Amino acid sequence: QVQLVESGGGLVQAGGSLRLSCAASGIFSSNTMGWYRQAPGKQRELVATITSAGRTNYADSVKGRFTIARQNAENTVYLQMNILKPEDTALYYCNLRNEGSYSDYWGHGTQVYVSS
């Protein structure tokens with residue numbers, strides 16, 4: 001059974017950095033992993049994804065500030081967040097999508113607060 005375990009998150013001042021981590025278990029097929037976020041009163045939005053082949057995709061709002069990376073053998077994904085802004089404040093979710101079945105799996109989310 002697929003499980004995603006997240007770590008990281010916290011409170012930082014604007015301009016600071018955080019690194020989020022997510023470890024997936026129970027998956028044996030090729031998969032895309034990524035991060036999504038949801039701010040209070042807003043819809044969940046894509047932050048960054050990385051495919052099994054290493055292709056990355058970023059939301060325009062984080063491009064140049066955030067970096068996504070993975071260790072394929074261990075199905076672990078990281079999100080390095082730099083130059084954080086108050087508008088980055090949100091609940092960040094780890095996501096895994098099986099590239100064969102298109103099944104989606106989600107972590108419980110980790111809260112990021114950025115103060116001004």
Side-chain angles (χ1 to χ4, degrees):
Q1 188 173 3
V2 176
Q3 293 187 75
L4 279 66
V5 180
E6 300 161 304
S7 62
L11 172 64
V12 296
Q13 288 190 284
S17 298
L18 282 174
R19 191 185 77 163
L20 307 182
S21 301
C22 175
S25 62
I27 186 71
F28 301 95
S29 302
S30 298
N31 59 82
T32 294
M33 297 186 72
W35 294 91
Y36 294 73
R37 68 186 182 187
Q38 187 168 24
K42 297 208 168 190
Q43 293 185 22
R44 186 182 301 180
E45 64 176 354
L46 181 147
V47 178
T49 60
I50 182 166
T51 70
S52 60
R55 175 178 146 268
T56 59
N57 184 46
Y58 296 92
D60 289 340
S61 60
V62 307
K63 197 169 295 183
R65 299 187 298 121
F66 292 10
T67 302
I68 189 168
R70 71 184 296 167
Q71 291 183 266
N72 287 321
E74 298 178 2
N75 279 321
T76 302
V77 65
Y78 306 94
L79 184 68
Q80 180 65 48
M81 305 185 293
N82 298 323
I83 320 175
L84 283 161
K85 305 175 180 180
E87 50 262 46
D88 294 318
T89 295
L91 187 63
Y92 284 70
Y93 296 92
C94 179
N95 169 263
L96 182 150
R97 193 203 77 179
N98 188 285
E99 293 169 0
S101 69
Y102 302 102
S103 298
D104 279 294
Y105 304 90
W106 297 90
H108 296 313
T110 184
Q111 184 68 51
V112 172
Y113 291 99
V114 184
S115 62
S116 59

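What you see is a predicted model, and the numbers here were worked out from it, not measured in a lab. Residues take their numbers from the sequence shown, with the count starting at 1.
- Annotation: the span from Q13 atom CD to S116 atom OG amounts to 9.0 Å, rounded to 0.5 Å.
- In this structure, CG on D88 lies 7.0 Å from OG on S61, to the nearest 0.5 angstrom.
- With T110 contributing its side chain and G8 its backbone, the two residues share a donor-acceptor pair below 3.5 Å.
- Ion pair D60/K63 flagged as a salt bridge, since at least one NZ, NE, NH1 or NH2 atom sits closer than 4.0 Å to an Asp/Glu carboxylate oxygen.
- Connection of Y36 to M81 is not established within any shared hydrophobic cluster, with ILVMFWY side chains joined at heavy-atom distances below 4.5 Å, either directly or through further cluster members.
- To the nearest 0.5 angstrom, S21 atom OG is 6.5 Å from W35 atom CH2.
- Neither side chain, Y93 nor E6, offers a donor N or O lying under 3.5 Å from an acceptor on the other.
- Formation of a donor-acceptor pair under 3.5 Å by the T89 side chain with backbone atoms of V114 is found in this model.
- Judged purely by distance below 3.5 Å, without hydrogens or angles, the side chains of S25 and Q3 never pair a donor atom with an acceptor atom.
- Distance check, rounded to the nearest 0.5 Å: CG of L46 to OH of Y58 gives 11.0 Å.
- Annotation: side chain of Y113 is not in contact with side chain of L84 (no heavy-atom distance under 4.5 Å).
- Cluster annotation: M33 and V2 are assigned to the same hydrophobic cluster (Ile/Leu/Val/Met/Phe/Trp/Tyr, side-chain heavy-atom contacts under 4.5 Å, transitive).
- Note: the hydrophobic cluster containing V12 also contains V47 (ILVMFWY, side chain heavy atoms under 4.5 Å, direct or indirect links).
- Taking the six-membered ring where the residue is Trp, Y92 and F66 present tilted rings, their angle falling between 30° and 60°.
- The backbone N or O of T51 sits less than 3.5 Å from a side-chain atom of R70, completing a donor-acceptor pair.
- Between atom CZ of residue R19 and atom OG of residue S7 there is a gap of 7.5 Å, rounded to the nearest 0.5 Å.
- A donor-acceptor contact closer than 3.5 angstrom is absent between the side chains of S52 and N31.
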